[in-house]
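Just the heavy atoms: all of them, side chains too, but no hydrogens, waters or symmetry mates, feed the values below. Below, read A as the first sequence line, B as the second, and so on, with proteins coming before strands; counting in each chain starts at 1.
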Amino acid sequence: MKKTSMIVCLLLSAAALSGAMKVTEKDVENKNGKFKVTTYDLPMVSGKLIYSVTKKPDGTTSNTSFGATFGEHGRNGGWDRWLFFRFYEKNKYQNLLSRIPAKVTYAPYAGGIIAEFEWALPDSGKLKLRFLHKKDMPDWVFAKLEFLNLDMTKYDFVFNAMPGTPWLKKGGERHLASRSKDYLLRGIVPDILPEGNAFAFYNRADLEEFGNLLVYESDKIQKAGFHAAKGVYLMVKPETKEILFAFGSFLNEPASKAVPRFLSEQADSVFNTLKSLDWNPKLDHTEFDALARSLEKITAEDSAMKAEFAKIKEEYQAARQKEDAVRCAELLEQLRKLNSQAGAKKLSEFQ
Amino acid sequence: MKMTLKMLTFFCLAGCAAGTPALAAKVDGTYLHEVGRSYVTPHLEWGGNFAGKPLRVLFITERLNAREAAENAQRMKMEFRNFTMLNWANLAGTDVYEGTMTGTSPAEKEQELRKKLEEDYDVIVFYRAWFEKLPDDLQFIILDKLRNGTGLVYDCLMPIRYRKVIADRRKNPFSGRFPATLQPNELSAYQFGKGRLLQFKVKPLPEGALRNAAYENRQAFLLQSMIWAAGRSSGCAIASIAEENGGIKVKLAGDDRGAAVKIRIRDGFNHVAAEREARKDGVYTAEIPDLPAGDYYADVFVMKNGETLDFGIGAFKISSRHGGADLRVQNAFIGKNESIRGSLSLGKAPADGAELRLLLADHPYGRVWAEKKIPWTRGARLQEFTWSDRFIPTIAGTLYAELKDAAGKVSERRHCELFFPNRDIPPYFAYGWGLNRSVSGSMQLSETFGLNACLTQFSSGTAREAAFLNQRLIPYMLSIALVRDNKTGGLRFFHNYFLPPELKKKAKEVDGDACFYRPEVREIWRGAIRHRIKNTPPYGIPVYSLGDENNYNVNAGFGPSDAIYFREFLKGKYRTVDALNREWKSSFADFSAVPHPTLEEARKAGNWAAWNDHQEYMEKMYADIHHFCAEEIRRIDPGAKVGSEGSMPGDIELTIRDMEYWGPYRNLLDSEAMRCFGGKRLRTVWYGYHNERGAGKYPLLLQDLLSGVINGMGWFEVDAYSTMCILGVDNTPSYPAGFIAELNRMRFGTGELLVKTPLLSSGLALFWSHPSKRAAELDKRMISPVDSLSPLVRFLYRRGINFDMVSERTMERLENGSIRTLFLAGTSVLGDKTAQALIRFVRNGGTLIADMNCALLNSCFSVNRKNPLAELFGDLTLASLKTPEVRRVSVTRKWNGKMLNFRAEKALSNPGAEFCTVRSCGKGRAVLLNFTLPMAEVTAEDATPFDAFLLALLKGAGVSAEYDVSLPDSNGMARIRTGKGFRLIGAHVANRFVAPGSKGRIRLPSPKHIYRCGKGYLGRSAEIVPDFSASPLELFAAFDEKQPPLRFHAPDSAKPGAAVRFDFSSMPGNRIIHLAVSAPDGKAMRNRGMVLDTAEGPKCVFRFALSDPAGKYEFLVTDILTGSMRKHTINLEP
């Protein structure tokens, strides 16, 4: 109970802070009873993460689901928008996270957005999944999955993709391509060789022009396989404490062109970026200060804008002193907007 | 516990904050943003000593022309900052390539410009960057600066349109200094507040020999535009420049006390013909010297106390003294052994004793290489000439024809552009992606990287444009993409950008049923080739590319026309319907009754033969389109070499059959197949991108040259707009010196040595079965060849065991005795004839090793009821086999008198099957491992290492690791080559193993004299210690005898234009020799260096240009194999 309240409090507070995360609550009644469904929309630079928690009247969690819509195709396929990340006991098919609510944090920053999920698992283990989506690389979402106090010989996990749509028409095939091999994802494929830090998910015989691209640290993977009841599952090596991923996609291009290009040309670039990311972005006031200097001059003769500018500066100074990064990010965004408005207004002087 | 806001914040982002993460994560993008002055290009002096303080300039350009800032700064005293936009209409981009670099994001670019605009400038200059595409606030800042006195020079297609800014138009301030012909288009000058604005559009430059003078004129104008916009005034300025009565007359305005006027006269080719000081006589006048007829420029400088107060250009003409002169050549395209034939005709005959002098100068350098003097036929108005035996090292050159009188004075000069097509592909061939259109960029590519060919999208004028830059065009002719139409199931005519309008219409008509075998579709492809190739072959195309990322889809090809042509294909394959019925398990009366099932239908019906046949049909179509287009190209350009790059291989043997070039993306097995089946074709792989940037990176191509999969380098890319350009925006190299040094190590002889020295045959071959790859999709009992081949190849690499490949099409390779052991990996599909040949191979003494489950299907994909290799491996059939499962492997087998032991925790295997069975057959043996290699490789027990098992297995089969290799990188590579009288031993490790103290060990079968290639003698030893402290590639030559040092003869002196012979007759005929040369000023002349293979002749000729400066030229001559070096000096006498 306490835990739930804490989570709710966190999430709501995060919503209040960011102003961008949307939280909706809905009462649902069905033959199994009454439930409260709380859905958290976490907008990323493009697309979003969608997390929902279904609770019974007594407050216990009956179900959670976690979906992703970045790299949307314009259809309802792509990275799974209902069950994107799933965590299993090895050789079992029940998503362990479906009954475990997550702690969710959401933090826009100057360069993009960070969203983090944390699950407390039985036996005091924890799972942390942090997403980082950068504005200057909007086509890729980066993620770090951490295993805290977990015996990873017991678990595997899935980042699910359904390129095109969840259901292909008759004859359609799901495929996974690695650098050297192509796998038909049907039934059980016990051994998918984790190699070359890249997998491409695509279709044959239906919706061939959509696909999802995964970059990951293949040297940390003990085993990969496919099971129709699970998806493409990954099992990390026992000593692995964390593993990095990048999620991308392609659309409106034949897979026969997009997949080889990704595997041969692009994957290494993304992997290099992934490997050297700083997952804890540092507070950086450079852009705010530079914009502020510019706005000093631009707003000098406009009393309304000058006042708004002064307010933002004052609040930023306060947030800066407190090292309140989220607030700083919000105020930077406000300053950018003001700068844009001021620039347009001042330019009109020359018309 | 209640979470306070503060705690929440801390919790939310513990250690994390709002800012820009990952600046350290990105590749350093400085080369995309900053223009430096280090790369000095040929230029004339204009305002190096301009009076007053240096102009403070901010250049805002697109990446493509950022170099202009450096060109301006070379010519006039200035301090500058520069800002590059992605392109003329976009500040920045966010794709994966841009996102990897520092400073390229929209936010970073805005920040960069905002910061730069905080400084004060005298003038802000826009070169083809669209002002209105800047953020509004930055536009305001710039216009506000203009209003307050900073000048603005704006050269762009899209003018500045703010009404108040352009309200006060002023008259053209340059009328006195530049004639209208030398001014840009649409010039307009404005006053806005305290500032001056100048808008214009620069004119395109002429091609060929006239380009440099026009470019110099443009530069002078741009500099003056900055001076004017900055409001600089020296108090004494040029009012007018005119040519009158054989003199240049200059009027000055303002206070000219103490001023002097100097005049530099240039001809239309930018050669300085004379320099004069004008005398003052009311106006300033300088005599025009006696110069040949033609166009000239008078560069006028107003000087005072050694400083330049002003400069300008006057243009004038010197008329022909012979009533006109006309140079004609019979053909502008001069083949290798062809003569230049032409004539110079005059309006009237010259006086007796005249002479026609021909000069040949190259592009883009302007070096004069050859001269011919022909006495003028007495009394004639026309003098013909035939010029054979002349040398020029570039593709394009200028022929100058001069008339000299008896006193030696040149009175007439005409020129024309000639082309010297060169289609030769050197043994090690490097080319880039894209055409770098700047002269300085192309010169850098050639000099620093040896990149003189470019694969690019093109138009009918590109080959010519590239020729002037000394770049040989590899035209990207079209794209071959067999894409499925979702409505019809047939083929789209997917790419049509390469079609002329009338064919685009036709392509639309067939779209959805664009089966290649339809005559009307073939006509479209034919028309595409004819349209694209226009104007291109004469320039000498080394190779044509039929596309980048060509691809096909096996689920396509089910259109209405495919039904017809699929049957044609079946007829060709099966010959009789009975044969088809046997494989399809059908009973069709004739081929017309045979349906065209989809892959899904065929598979569901269990008709694997039909399932495979359609895929073969598509692969054949894919290959046939390539071959058809190649043939069409050869019809138009006989002898053309054709291929494709970055493309799906399909059935690689079939695809490359009638092509001479294949340049795919890197892939372990496909690259090896390219090596083994590609033969002498041009084989390259794409390098570059971002993967090779950053500290501690070395060129990937070193590994591929060592393995032998390539004989050339494709570099992505050389286009100046791109983050992946090998040059920075100022045309300096964007890679560090160490990386470039490794590329040049290959360029200057080592590449050729590796390409030409064949790999030592170990007697081992791997069976390449393309159909077996797809058979694995049908049933889990059919293993993919990729499974075992990949770890096997990696093993062979790190152990230094070479291998060949054999396929069903190349079974004759088993017949000459060179192959003793053949490995069948996942060879589920096997033709009957091939099976018989394999049995013969074993009976004759060969060893056949298979991983699992071979020959379950025949070549038509019918299930074998009896295994054709039963004699060798037992009667393995699908009926008898169960689904493979993961098992623990345990091998204990007597093998050639020794115990062969191997244990691994896991491998894919047939349930219950015995591991590693051996059968004798005739004189040979067949080994069936009954497990695949991938899991076995990584789960092998420490006591029975994977490598030891395979080494023992192969040794027992007659394939020894002759050289015992141990490298610090478990995925490293060693390759042994055999030359005439030597072995070439190479070892390569991954970048992260390049470090001090990183060493390997290679034990030779017996002691040899060892040389580190390119470096020198190491001694006599049976052991080599590769040292990877400075490079991932170590190369050694091993000889029975100690080798004599490098010996050659060459003269000590020469005259300009001389062809100097270096004679290596006393060297063995198996050497690659590199001649590196430095100019008298000490600068390396990299692209004047030469690589000689003494096997092709013991002499090489180094040519001095007629225009080479006199002085001592230092040659460093190296025998690449032994590293023996000698210096030699040739004194070039004036």
Side-chain angles (χ1 to χ4, degrees), chain A residues 6 9-10 13-14 105 107 109-111 114 135-140 171 179-181 184 190-191 193 204-205 208 254 256-257 260-261 264-266 268-270 272-273 276-278 280-284 287 290 293-294 298 323-326 328-329 332 339-340 342-344 346-347 350-351, chain B residues 1 3 5 8-9 11-13 15-22 24-26 94-97 99-100 105 107 111 114-115 118 135-137 139-141 143 162-165 481 483-484 549 551-553 555 598-600 648 665-669 689-691 777 784 786 790 886 908 934-935:
Chain A
M6 188 167 70
C9 172
L10 261 171
S13 296
T105 49
Y109 66 94
I114 290 176
K135 283 181 187 169
D136 62 4
M137 231 166 132
D139 295 338
W140 286 89
R179 293 215 197 222
S180 66
K181 261 190 98 165
L184 170 64
D191 284 294
L193 187 67
R204 282 196 197 166
E208 286 167 345
S256 53
K257 206 168 153 106
R261 189 192 314 123
S264 308
E265 189 188 304
Q266 296 169 337
D268 285 341
S269 288
V270 177
N272 290 340
T273 303
S276 44
L277 273 179
D278 182 352
N280 295 300
K282 308 292 178 288
L283 198 56
D284 182 356
E287 189 183 346
R293 283 195 300 272
S294 176
I298 295 178
E323 292 189 354
D324 185 343
V326 174
C328 282
L332 174 61
N339 182 56
S340 190
K346 293 299 284 182
L347 257 190
F350 299 117
Q351 287 295 3
Chain B
M1 179 178 64
M3 300 288 275
L5 202 61
L8 171 62
T9 305
F11 174 82
C12 276
L13 294 158
C16 157
T20 311
K26 297 186 178 187
T94 55
D95 65 20
V96 64
Y97 305 115
T100 319
S105 69
Q111 220 168 309
R114 193 164 286 119
K115 191 167 163 62
E118 286 179 6
D136 287 348
D137 65 308
Q139 289 185 51
F140 170 76
I141 290 171
L143 294 179
Y162 293 99
R163 277 188 300 126
K164 287 185 181 161
V165 174
V483 174
R484 194 183 124 94
E549 295 182 348
N551 59 88
Y552 67 97
N553 182 348
N555 286 292
T598 65
L599 295 181
E600 177 68 13
M648 276 175 80
Y665 288 130
R666 256 177 131 229
N667 175 283
L668 178 70
L669 296 180
Y689 306 99
H690 290 313
N691 314 335
E777 295 179 40
S784 171
V786 171
S790 302
V886 175
L908 195 67
M935 279 190 268

Does any donor atom in the side chain of Tyr689(B) or Gln266(A) lie under 3.5 Å from an acceptor atom in the other side chain? no
Output for pair (Trp140(A) CH2, Thr100(B) OG1), nearest 0.5 Å, gives 10.5 Å
Most contact-rich option vs chain A, by heavy-atom pairs under 4.5 angstrom, among Glu118(B), Glu549(B), Arg484(B), is Glu549(B)
Under 4.5 Å to a heavy atom of chain A? For Leu668(B) that would be neither
Of Asn551(B), Val786(B), Val483(B), the largest count of non-hydrogen pairs under 4.5 angstrom with chain A goes to Asn551(B)
Per-residue tally against chain A (heavy atom, under 4.5 Å) across Glu600(B), Lys115(B), Lys164(B) peaks at Lys164(B)
Residues at least two apart in sequence or cross-chain that pass side-chain contact (heavy atoms from CB on, under 4.5 Å) with Asp139(A), listed by chain then number, are none
Output for pair (Lys346(A) NZ, Ile298(A) CD1), nearest 0.5 Å, gives 8.0 Å
When the 4.5 angstrom heavy-atom criterion is applied to Leu184(A) and chain B, the contacting part is side chain
Looking only at Tyr552(B), Phe140(B), Tyr665(B), Tyr97(B), most heavy-atom pairs under 4.5 Å shared with chain A are made by Phe140(B)
Honestly, the part of Asn667(B) sitting under 4.5 Å from a heavy atom of chain A is side chain
Sorted by chain and number, sequence neighbours left out, side-chain contact (heavy atoms from CB on, under 4.5 Å) with Leu193(A) holds for Tyr183(A), Glu195(A)
When the 4.5 angstrom heavy-atom criterion is applied to Val96(B) and chain A, the contacting part is both
Greatest number of non-hydrogen atom pairs under 4.5 angstrom with chain B, of Pro260(A), Ala205(A), Pro190(A), Ser340(A), falls to Ala205(A)
Cut-off 4.5 Å, heavy atoms of chain B, and the answer for Arg179(A) is backbone
Counting C-beta onward and ignoring hydrogens, is there a side-chain heavy-atom pair between Ser294(A) and Asp137(B) closer than 4.5 Å?
yes
When rounded to the nearest 0.5 Å, the distance separating OG of Ser784(B) from CG of Leu908(B) is 11.5 Å
Take Asn691(B) and Arg666(B) through the side chain to side chain contact (heavy atoms under 4.5 Å, CB included) test and state the conclusion after the steps. CA-CA 12 Å; Asn691(B) 314 335; Arg666(B) 256 177 131 229; over 6 Å; no
Under 4.5 Å to a heavy atom of chain B? For Glu208(A) that would be side chain
